[in-house]
Amino acid sequence: MASLKTFTSCFVISSLLLACSWFVAIEAHGSAPIVKGLSWTFYESSCPKVESIIRKELKKVFKKDIGQAAGLLRLHFHDCFVQGCDGSVLLDRSASGPSEQDAPPNLTLRAEAFKIIEQLRSLVHKACGRVVSCSDIVAISARDSVFLSGGPDYDVPLGRRDGLNFATQDATNANLPPPSANADTILSSLSTKNLDATDVVALSGGHTIGIGHCSSFTDRLYPTQDSTMDKTFANNLKKTCPKADTNATTVLDIRSPNKFDNKYYVDLMNRQGLFTSDQDLYVNKRTRGIVTSFAVNETLFFEKFVLSMTKMGQLSVLTGNQGEIRAKCSVRNSDNTYIKLETEVEEGIEALSLFK
């Protein structure tokens with residue numbers, strides 16, 4: 001009987017602690033600062049079903065291939081870190097030169113992710129007209145990728161406008177630290193975007209889903225094995241990547257590769273992080289404790305991840321009359337022949353009306 005009472009008491013206390021943790025997460029999310037021009041209810045009147053349209057379609061996409069969730073999440077990261085969350089990563093190269101997509105860090109972005117965003121834009125614009133930006137669609141898709149693969153659900157501040165230009169190759173390279181970067185390099189890079197150590201570790205948790213290419217980590221295997229990598233883990237990776245230039249991929253999180261959870265941090269504590277940029281978070285004194293706290297408390301990780309995503313998702317956003325709402329995500333409206341024709345027709349109709 002005493003044991004039963006003890007168990008019951010522990011269960012009640014644990015339940016209360018869990019409830020309190022979620023309450024803190026909700027409160028923290030609700031108090032996240034929002035950039036002027038963005039709003040939690042931006043499309044309430046102009047396109048009230050935008051989020052339900054996107055989620056409904058992504059449920060279909062992920063049912064066929066859950067791997068696309070990681071691709072969409074990564075697309076949002078790579079958009080925001082370079083020139084801000086303005087959809088510039090979606091733009092194709094033009095007469096002015098190569099686009100952000102042509103820069104080395106973006107060569108492994110999934111081609112299907114770009115197609116999915118364009119399909120979502122088509123569905124949303126068909127329902128509401130050209131009022132929702134491609135950059136907002138990317139942000140909503142990233143959130144749904146997290147939630148539909150097992151992670152937290154959360155609101156996304158909306159109202160971003162699409163950029164008119166893509167960043168240069170140098171700017172793209174400079175703002176996307178490579179997988180070979182250590183924690184100090186990443187902390188320094190993201191500090192320029194007002195993201196702190198907790199943000200860095202929380203956002204790195206996006207690697208709980210997705211894949212990595214051999215070329216991104218074989219420098220840890222050849223010619224000599226990285227001493228911070230578990231030997232069994234390394235031997236298994238060598239089977240997938242027998243040579244440094246092997247064209248193959250492997251999962252980022254060996255424990256639950258398709259589920260958004262905190263197992264990525266458990267991997268790091270077991271020296272099973274795939275990239276240097278992953279494993280060094282547990283080696284570095286400034287981030288080691290944060291990794292440990294997330295590994296033992298998934299609720300805490302989810303709470304901090306939501307806050308960090310909300311911060312990152314507002315980096316250098318365009319709002320109000322800045323930028324534009326693209327009619328096609330990969331092309332600026334000024335280069336879109338359909339938009340040009342539409343404008344010419346409207347101007348022609350207006351001119352004719354003057355003669356009436």
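Keep in mind the model is a prediction, meaning the values are calculated, not measured.
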Checking the side chain of [X] only, and the main-chain atoms of [Y] only, is there a donor and an acceptor separated by less than 3.5 Å?
X: R286; Y: L187; value: no
X: H125; Y: V132; value: yes
X: N106; Y: E100; value: yes
X: S88; Y: F166; value: no
X: T41; Y: E44; value: no
X: R74; Y: T108; value: yes
X: Q314; Y: K36; value: no

Partner of C134 by side-chain contact (heavy atoms from CB on, under 4.5 Å), out of R326, E324, R160: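 Looking at R326, E324, R160, the match for C134 under the side-chain contact (heavy atoms from CB on, under 4.5 Å) is R326.
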Could you work out, with side-chain contact (heavy atoms from CB on, under 4.5 Å) as the rule, every residue matching [X], not counting sequence neighbours?
X: E57; result: K60, V61, Q119, L120, L123
X: D92; result: Q101, S330
X: S188; result: none
X: L318; result: D86, R161, Q322

Taking transitive links into account, so neighbours of neighbours count too, which hydrophobic residues share a cluster with [X] at under 4.5 Å side-chain distance?
X: V266; answer: none
X: I325; answer: none
X: V296; answer: none
X: L274; answer: F217, L221, Y222, M229, F233, L237, V251, L252, I254, F275

Exercise: identify the closest heavy-atom pair between F42 and S46: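 Closest pair (atom of F42, atom of S46, distance): O-OG, 4.3 Å.
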Listed once per pair and sorted, the side-chain hydrogen bond (donor to acceptor under 3.5 Å, both in side chains) pairs that draw on residues 140-152, sequence neighbours left out: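 Of all non-adjacent pairs touching residues 140-152, those that pass side-chain hydrogen bond (donor to acceptor under 3.5 Å, both in side chains) are E51-R143, R55-D144.
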All pairs passing salt bridge (charged side-chain N to carboxylate O under 4.0 Å, His left out) where residues 256-276 contributes a residue, at least two apart: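 Residue pairs with at least one partner in residues 256-276: R255-D267.
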Pairs satisfying disulfide bond (SG atoms under 2.5 Å apart), at least one member in residues 221-302, at least two apart: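 Pairs touching residues 221-302 that pass the test: C214-C241.
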Pairs where residues 90-128 contributes a residue and the test disulfide bond (SG atoms under 2.5 Å apart) is met, not counting sequence neighbours: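 Disulfide bond (SG atoms under 2.5 Å apart) check on residues 90-128 returns C47-C128.
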Gap separating the CG atom of D278 from the OH atom of Y265, nearest 0.5 angstrom: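 Between atom CG of D278 and atom OH of Y265 there are 9.5 Å.
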F294-F305 aromatic ring centre distance below 6.0 Å: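 When the ring centroids of F294 and F305 are compared, they turn out to be at least 6.0 Å apart.
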F147/F302 aromatic ring centres below 6.0 Å: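 Between F147 and F302, the centre distance exceeds or equals 6.0 Å.
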Donor on one side chain, acceptor on other, [X] and [Y], under 3.5 Å:
X: D253; Y: S256; result: yes
X: T168; Y: D170; result: no
X: T232; Y: N235; result: no
X: K193; Y: N175; result: yes

Audit row: K115, E118, salt bridge (Lys or Arg N to Asp or Glu O under 4.0 Å) steps and yes/no: CA-CA 5 Å; K115 295 178 183 178; E118 181 57 27; over 6 Å; no
